[in-house]
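Structure, as structure tokens:
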Amino acid sequence: MKLDSKIPEGHISEKWTNHKNNLKLVAPNNRPKIDIIVVGTGLAGASAAASLGEMGYKVKAFCFQDSPRRAHSIAAQGGINAAKNYQNDGDSVYRLFYDTIKGGDYRAREANVHRLAEVSGNIIDQCVAQGVPFAREYGGMLDNRSFGGTQVQRTFYAAGQTGQQLLLGAYSALSRQIGLGRVQMFNRHEMMDLVKVDGKARGIIARNLVTGEIERHSAHAVIIASGGYGNVYFLSTNAMGSNVTAAWKVHKQGALFSNPCFVQIHPTCIPVHGTNQSKLTLMSESLRNSGRIWVPKKKEDAEAIRAGKLKPTQIAEEDRDYFLERRYPAFGNLVPRDVASRAAKERCDAGYGIEANDTNEGVYLDFSTEIQNKGKQAAYASGNHNPSPEEITRLGKKWLEEKYGNLFTMYQKITDENPYETPMKIYPAVHYTMGGVWVDYNLQSTIPGCFVAGEANFSDHGANRLGASALMQGLADGYFVLPYTVSNYLADDIRTGKISTSLPEFDEAEKRVKDQINSFLSNNGTKTVDYFHKRLGLIMWNKVGMGRNEQGLKEAISEIDTLRAEFYKDVFVPGSADELNQELEKALRVADFLELGQLMAMDALERNESCGGHFREEYQDAEGETLRDDENYAFVSAWEYKGPDISKEEIHKEELKYEYIKIAARNYK
């Protein structure tokens, strides 16, 4: 199979404009004759469904939540990037493009990333028009803050709930189209399989999660916008329901799956506190604007803190190791996520961790310096040029509360510790997945008519996503890319007519779904779904996590294969198919995670280099930084499904060519 990325000719700054000018169109009077299915209604799916509905297409949108407002996009806290240069600090479309390529350790497709940077400013205008309450400066201009991997302020934000506010904006646009009858919304429905007719995506099989009914839905094109696969690790920052099923079913129908080993570990999560925990909580990267990350310089101090004999506030300034500032002075606490995560792991592995959990893993995120600095500024601004220490502290805390109040409240409710008084405890955890379904420049998979958007595709972030770029990509795909590229594909379908759901291809797909459901419900197993999911998660975290090596990856492949066989033999799924059955939902999802987990380990074993979130311990420089092999591994891995034996999957490679950026070793020092 030869991969054709369909990257347009011309200078990179003109590719998208020229491409749009030459795409085929569907006339407004023909659009109501065409059906489009959108799976997932987070930022990418909701914006795509709303935009296509506004254009006049007949859209069916599906989400497994009770409302699109519950999509995991709401969990994005810190902000959304855009190259508007409001701060006049040297930002530009090219700078955003460059930072994103560099942040991804030179493993992203150049043309896609530049397009993302180009449309970023339009996203902010669109969202402001929808009423998204972005933070503003005193004069009324939209405010910006910094995020990791950049030296400019380009992140627009709405307190610590940016994702929620952006999703409400997209949801309002979607709701308008639902009200006009252009979008038909299917809540509490899960896509179970893709239906292909004559090689093209022509519909899906869905399960009504409330009644258990298996439904057939046809369309002229299908858009997958179902998010990432971080929950393969069991413990992650993702919502409990987040899964890979839609993307994986597409893969099993012929869409290639790219870079599955590229997984982002987020540095600022609340540490694991026990073996019965089922989810991890993310503390926004925006906090690294104001917090300083440290551990004690002395091991005995770290041991005393873990034993409860010493408090962090009792550690003198000279006895604190601000290790990010020490190792990366140019960026300090705002290095990219993969760099910050590995640095924290290195300190904890060396015995300096401060959390009294099973692994002694945790570092501090301390706001005391910011409280003092902002308190002095606030006092001075009010005319008090000689404030007392108490006044400085009071004003500094007030400033922090206005900026991050909801995040601090969330932390205190979870940990019962006041982050205004004592440093937050944080540690890296699985967050975002850069891998996903392979798509070309038009966001179309290797299945004609099957498009993939947002985190479900691989296209924009390379081996590591910069903070505040997930929201940017989701909305760019949905609002500003798919309306053009999907229309280009559908221009040949205006005479096709309604796709019948009585075709034999729908019969076959429905049978596959029902057979799998019946096999789980009739299985005489003894173990719960979570039992197997947790075991998979431990294998993945320990051997396909922050640090990977050849031996561990080979062990992981074998162990997951054995676990998968045991899962099908011994899993117990209670209840029936014709009812609300959450154990059945989980079983179907974990079945996909088991297959994907094996492929992730295979992909990591194939890539004999370290880059971004993929850290092979054999490939690091003298200072513990990633050691890329640009001569042999400057490619996108794209895996082809070859049947139930995942070890038989075949790898295809899309060569990455950099014409407008000089490829170089990442340096944040």
Side-chain angles (χ1 to χ4, degrees), residues 41-51 54 65 67-88 91 96 119-147 150 152-179 239 281-290 374 378 397-411 413 454 466-480:
T41 52
L43 284 178
S47 58
S51 299
E54 180 77 37
Q65 299 94 343
S67 165
R69 290 175 297 171
R70 299 292 296 275
H72 186 59
S73 298
I74 68 166
Q77 300 160 338
I80 176 171
N81 289 330
K84 280 185 169 289
N85 196 32
Y86 280 175
Q87 303 293 331
N88 198 31
D91 202 10
L96 174 53
V119 304
S120 64
N122 297 340
I123 297 170
I124 304 303
D125 297 338
Q126 171 95 355
C127 294
V128 168
Q130 290 172 340
V132 173
F134 286 119
R136 293 179 181 268
E137 295 180 324
Y138 179 77
M141 292 288 288
L142 297 183
D143 196 13
N144 292 115
R145 55 190 177 200
S146 297
F147 257 60
T150 72
V152 298
Q153 291 179 283
R154 67 162 64 101
T155 304
F156 295 78
Y157 64 97
Q161 49 184 247
T162 312
Q164 181 175 355
Q165 297 300 331
L166 290 172
L167 186 61
L168 287 173
Y171 177 67
S172 67
L174 176 62
S175 296
R176 179 171 179 271
Q177 298 308 312
I178 294 171
T281 302
L282 171 70
M283 299 310 300
S284 171
E285 181 173 311
S286 63
L287 295 172
R288 288 201 275 151
N289 274 278
S290 298
K374 296 302 181 184
K397 288 180 179 178
K398 182 181 178 183
W399 185 92
L400 277 182
E401 184 177 6
E402 291 174 354
K403 205 84 168 178
Y404 310 110
N406 62 313
L407 300 174
F408 278 48
T409 299
M410 180 173 71
Y411 180 87
K413 285 185 176 182
L466 291 183
S469 287
L471 305 183
M472 177 174 62
Q473 186 210 345
L475 292 179
D477 288 355
Y479 282 138
F480 299 108

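Each side chain to side chain donor-acceptor pair (under 3.5 Å) pair with one or both residues in residues 69-79, not counting sequence neighbours, appears once here: Ser67-Arg69.
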Under 3.5 Å donor-acceptor pairs involving side-chain atoms of residues 138-145, not counting sequence neighbours:
from	atom 1	to	atom 2	distance (Å)
Asp143	OD2	Tyr157	OH	2.6
Asp143	OD2	Lys403	NZ	3.4
Arg145	NE	Gly78	O	3.3
Arg145	NH2	Gly78	O	2.9
Arg145	NH2	Ala159	O	2.9

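Here the closest heavy-atom approach between residue Leu471 and residue Gly79 is recorded as CD1-O, 3.4 Å. Closest heavy-atom contact between Ser47 and Gly474: OG-O, 3.8 Å.
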Subject >> side chain to side chain contact (heavy atoms under 4.5 Å, CB included) evaluation trace for Val128 with Ile124 >> reply: CA-CA 6 Å; Val128 168; Ile124 304 303; 4.2 Å; yes

Original post:
Going through the distances and angles, do Leu407 and Met410 end up as a side chain to side chain contact (heavy atoms under 4.5 Å, CB included)?
Top reply: CA-CA 5 Å; Leu407 300 174; Met410 180 173 71; 4.3 Å; yes

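Rounding to the nearest 0.5 Å places OG of Ser120 at 8.0 Å from CG of Asn81. Separation of atoms CG (Leu43) and CE (Met472) is listed at 12.5 Å; rounding is to 0.5 Å. Summarising the geometry, atom NZ belonging to Lys397 is positioned 10.5 Å from atom CZ belonging to Phe408; distances are rounded to the nearest 0.5 Å. Residue Gln153 holds its CD atom at 12.0 Å from CZ of Phe147, rounded to the nearest 0.5 Å. Going from atom CD of Gln164 over to atom CG of Asn406 covers 9.0 Å, rounded to the nearest 0.5 Å. In this structure, CG on Leu168 lies 11.5 Å from SG on Cys127, to the nearest 0.5 angstrom.
In this structure Arg154 satisfies the salt bridge (Lys or Arg N to Asp or Glu O under 4.0 Å) test together with Asp91, Asp99, sequence neighbours excluded.
In this structure, Ser146 and Val152 have side chains that are not in contact, with every pair of non-hydrogen atoms separated by 4.5 Å or more. Here the side chains of Leu174 and Pro68 are in contact, with some heavy-atom distance below 4.5 Å. Counting heavy atoms from C-beta on, the side chains of Tyr171 and Thr41 never come closer than 4.5 Å. Residues Trp399 and Ser290 form a side-chain contact, since some pair of their non-hydrogen atoms from C-beta on lies under 4.5 Å apart. Taking 4.5 Å as the limit, every side-chain heavy atom of Tyr411 sits out of range of all side-chain heavy atoms of Tyr404. Within the 4.5 Å cutoff, side-chain heavy atoms of Leu475 are placed close to those of Leu166. Residues Phe156 and Lys84 form a side-chain contact, since some pair of their non-hydrogen atoms from C-beta on lies under 4.5 Å apart.
Judged by distance alone, with hydrogens and angles left aside, the side-chain atoms of Ser172 form a donor-acceptor pair with the main-chain N or O of Gly169 at under 3.5 Å. In this structure a side-chain-to-backbone donor-acceptor pair under 3.5 Å is present from Gln473 to Gly454. Looking only at distances, a side-chain donor or acceptor of Asn289 sits under 3.5 Å from a matching main-chain atom of Ser286. Remark: side-chain polar atoms of Gln177 are paired, donor with acceptor, to backbone N or O of Glu54 under 3.5 angstrom. The backbone N or O of Ala48 sits nowhere less than 3.5 Å from a side-chain atom of Ser51 that would complete a donor-acceptor pair.
Salt bridge absent: Glu401 and Lys398 never bring a charged side-chain N and a carboxylate O closer than 4.0 Å.
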